Structure formats: structure tokens, C-alpha cells
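This report concerns only the one structure given below.
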Protein chains: 2
Amino acid sequence: MPDASTIVTVLDRAGYRLTEPRRVVAGLIAGREGHFTAADLVDDARERRLDVGRATIFRALELFTELSAVERVDLPSGEHAYVECEPIHHHHVICSQCARTTEVEACGMPAVAREVGKATGFKIQSHRLELFGICPDCQAANSRRG
Amino acid sequence: MPDASTIVTVLDRAGYRLTEPRRVVAGLIAGREGHFTAADLVDDARERRLDVGRATIFRALELFTELSAVERVDLPSGEHAYVECEPIHHHHVICSQCARTTEVEACGMPAVAREVGKATGFKIQSHRLELFGICPDCQAANSRRG
DNA sequence: GACGTTGACGATACCGAGTCTCACTCAGTA
DNA sequence: TACTGAGTGAGACTCGGTATCGTCAACGTC
């Protein structure tokens, strides 16, 4: 279960001000499972009558991304989404049914990157890997349904 | 060197009409090296005084993508771009200096996907891998420059 | 606790990518 | 040649994201 205080702590450590709107956005993120878009948070805030401006939500997301408290992912649809995550290098596995995401280290990746570098002559600097599939829960639900 | 006739052939085989605007868009794509955005093509068309509507360019790109004659990639900046490519499963290595792209099979990927599936319990259906680095030409140019 | 500084805020205008609509055109066919 | 419907261009529209600007409040200092 994600926790708003994690983000707040990261913010504090980095020397940023702990303002009410930032706490609210952190709380909205914590209240979500899986990926979410900026628009989702804007809607959430409006529904819960939390007085946070649209611009503020975008700014907060930008800041959290910079601090690696959340990460941007690109869905197959081309949409930009965010997921809350630990600030270490990893990748996301995204359930295409329920949108839940899981972090993985995908430790085989450096080898793949090395191989690609060898094959193409490129000096590989970074990569982006996103995996899409069906999570265990949805698999179970699907098989129950027949 | 990409070739407009490749796209035109794919279009023809799929039973789509070979109209002038589609040939023009195919030509614009062929005239590019590396990735490009829809806006790039719109600009190109305007510069060369080719009478192709903006909507038509978007429609053509959508169609070409559907036929796997071009593929969408997401740049680290979050921009959506396209690259011309062969209609088989592969990944792109993108030069962060000159934007040139190269296709690779990244044959180690199925193993990584399998491993991730095992570790998370997800049934992996698809993945998206993009690699960013410096191409051989830019490396050479850089080392010449000191 | 009061105060001052300045980073953060909300409102809102703005921008640009992409989509939708609709009347018109033209490629392919009978 | 006439017909038909896929494809087109113009332009309005939507929506995600950014920029601006006057105001507010977090936080360090006294």
C-alpha cells in the first residue's frame, strides 16, 4: 500500500517546502493503486472538494518525478501516466485489465543493452522498458469466470 | 536509406487506395532520417509547398502505423515520434545526439520477459523497449572534436 | 509570537498535438 | 460515362500541459 508520507519525506529531505497542496497531491497519489494520469488527480481533487489548482497538480507531479518519488510511464495507447515508485532503477509491469503496476528489476536488461550496443555500435546510455500483461488477480478472476 | 515505395507497396498490398496525398506523406517520411513527429511532417509539407492537409497527415500516419510501415516511439522527453521500419517485431535504438534510429531484434528480450513473468506472476503479453545512446557516427565526430 | 523573504499558490490565458465533422473530390468499377 | 464510397482539406474543437502574474503562506530569524 503506498503512503503519502513517503513522498512528503522525500520532499522534506530534498529541502522543498511542505505545503498543504503538496500534501494533498501526495495523498491523492497514495490513494491510488496502479497508474494514474494528471487528469485523474485533477478529477479526484474536484470530487473530494479539495481546493488544489490544476497547475499545482502538474507542478507537484513534475517535482515528484524529478525527485523519483513517482515515475512517468507511457501506456500502449500513447497516454502519459504516472506510478508511485521507489527511487531506484527498475521497470514496470502494467496489468492491461486492472491497471495495477508492479516494479521489477529486470536484471537481464543490462545484458540485452550490452548486446544491442555490440550489434549496432551504439554507446547505450539509457533505456526504457515497459511490460504489459495480466496480473495474478485478474488471471484468477478470469479463470473463475470460465 | 528509406524509400517511399516501401510504404506505398505496403499500402497497395493491404488494399488501400494509392492517393496523391498518401504518396506525398510517404515521400516526406522517406526523406527523413531517424525519428520525426507529426508536426515535423506538417512543417515539411508546408515548406515544400505540398498541398496536404494537417488532418490528412495524421490520418496517413495512423494508417501507416496500423500497417506497421512506421512505428510510434516515445522519446525520453515524453514527445511522441514515429520511425519508418520493417513490419516485424523489433526495437529501436535512438541516437540522443542526431536522432538517427536503428532497428534491433534484441533477441535477449523474451528471456527477460519470461523472467519477469516468473518473478511477478504476471502473464506478460507485450512489451515496449526503447534504447537511447550515441550512434557510431556521433561517437566518431565527438572524439575528433576532442 | 511577529516579521520578512521568497518559494509556492490559484486563476486563467495560452499553446500545440491530435480528433471530429462535413461538404467536396476523385479513384476504381460497372 | 456515371456512380459510389473511400479519401480529402478546412477549420472548429478537445484536452493535456505550460506560462504569467498577483497573492499567499512556509519557514528561518529575531
Side-chain angles (χ1 to χ4, degrees), chain A residues 7-29 35-46 48-67 69-83, chain B residues 7-29 35-46 48-67 69-83:
Chain A
I7 296 179
V8 174
T9 308
V10 170
L11 214 53
D12 193 20
R13 278 211 198 119
Y16 288 95
R17 290 192 185 170
L18 306 180
T19 65
E20 193 49 34
R22 282 178 179 165
R23 285 175 204 273
V24 168
V25 175
L28 288 176
I29 292 173
H35 58 72
F36 54 87
T37 64
D40 287 338
L41 296 191
V42 173
D43 288 349
D44 276 9
R46 191 172 23 219
R48 301 194 207 169
R49 320 245 164 175
L50 300 167
D51 242 2
V52 187
R54 211 166 71 96
T56 302
I57 289 177
F58 278 99
R59 273 188 291 241
L61 275 174
E62 193 188 338
L63 181 59
F64 296 169
T65 306
E66 194 180 302
L67 297 176
V70 305
E71 195 173 308
R72 265 178 83 147
V73 296
D74 294 295
L75 306 184
S77 63
E79 255 187 317
H80 290 156
Y82 297 83
V83 291
Chain B
I7 297 179
V8 173
T9 307
V10 169
L11 213 55
D12 193 20
R13 278 211 199 119
Y16 287 95
R17 290 191 185 172
L18 307 180
T19 65
E20 195 48 34
R22 282 177 180 167
R23 285 175 204 273
V24 168
V25 175
L28 289 175
I29 293 173
H35 58 72
F36 54 88
T37 63
D40 287 337
L41 296 191
V42 173
D43 289 347
D44 276 10
R46 189 168 27 215
R48 302 195 204 170
R49 320 243 164 178
L50 298 167
D51 242 2
V52 186
R54 213 166 69 95
T56 302
I57 290 177
F58 277 100
R59 274 188 291 238
L61 276 174
E62 192 189 338
L63 182 59
F64 296 168
T65 306
E66 193 181 303
L67 297 176
V70 305
E71 195 172 308
R72 267 179 82 148
V73 296
D74 295 296
L75 307 184
S77 63
E79 254 187 318
H80 291 154
Y82 296 84
V83 291

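The structure presented is a predicted model; accordingly, all values stated were derived computationally and were not measured. Both backbone and side-chain heavy atoms feed into the values below; hydrogens, waters and symmetry mates do not. Lettering follows sequence order; numbering is per chain, from 1.
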Show, in sequence, the C-alpha distance, side-chain angles and deciding distance for A:Arg46 and A:Arg54, and conclude whether the side-chain contact (heavy atoms from CB on, under 4.5 Å) test is met. CA-CA 10 Å; A:Arg46 191 172 23 219; A:Arg54 211 166 71 96; over 6 Å; no
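- One can place CG of B:Leu11 at 15 Å from P of D:dA6, the figure rounded to the nearest angstrom.
- Among the heavy atoms of the strands lying under 4.0 Å from B:Ala39 are primed sugar atoms or P, OP1, OP2 only; no base atom is included.
- Using a 4.0 Å heavy-atom cutoff across all strands shown, A:Ala38 reaches sugar-phosphate atoms only and no base atom.
- Between B:Leu11 and B:Arg22, the shortest heavy-atom contact is CD2-CD, 3.7 Å.
- The interatomic distance linking A:Asp43 (CG) with D:dC15 (C1') rounds to 12 Å, in whole Å.
- We find that CG of B:Leu61 is positioned 10 Å from P of C:dT19, with the value rounded to whole Å.
- A:Arg22 has a side-chain polar atom (N or O) that falls below the 4.0 Å cut-off from OP1 or OP2 of C:dA8.
- The shortest distance between the side-chain N/O atoms of B:His80 and the OP1/OP2 oxygens of C:dA17 is not below 4.0 Å.
- One finds the CZ atom of B:Arg23 at 5.0 Å from the CG atom of B:Leu18 (value rounded to the nearest 0.5 Å).
- For the residue pair A:Asp40 and A:Thr37, a side-chain donor N or O sits within less than 3.5 Å of a side-chain acceptor on the partner.
- Between A:Ile57 atom CD1 and C:dA8 atom C1' the separation is 15 Å, expressed in whole Å.
- Checking C:dT21, D:dG16, D:dA19 against the side-chain heavy atoms of B:Arg59 singles out C:dT21 as nearest.
- Nearer the 5' end of DNA chain C, as judged by each residue's closest nucleotide, is the contact made by A:Ala60, out of B:Thr37 and A:Ala60.
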Its contact letters, B for base, S for sugar-phosphate only and - for none at protein heavy atoms under 4.0 Å, make nucleotides 23-30 of chain D read ---BS---
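- Side-chain contact check for B:Arg48 versus B:Leu28: some heavy-atom pair is nearer than 4.5 Å.
- Rounded to an integer number of Å, the gap from B:Phe36 CZ to C:dG18 P is 12 Å.
- Side-chain contact between A:Tyr82 and A:Ile29 is absent, with no heavy atoms from C-beta onward closer than 4.5 Å.
- If you measure from atom CD of A:Glu66 to atom C1' of C:dG7, you get 14 Å, rounded to the nearest angstrom.
- Annotation: B:Asp43, atom CG; neighbour count of heavy atoms from other residues, nucleotides and ligands within 6.0 Å is above 12.
- Spacing between atom CZ of A:Phe58 and atom P of C:dA8 amounts to 19 Å, rounded to whole angstrom units.
- Taking only distance into account, the side chain of B:Arg54 meets the base of C:dG18 through a donor-acceptor pair shorter than 3.5 Å.
- What separates OH of A:Tyr82 from P of D:dG16 is a distance of 12 Å, to the nearest Å.
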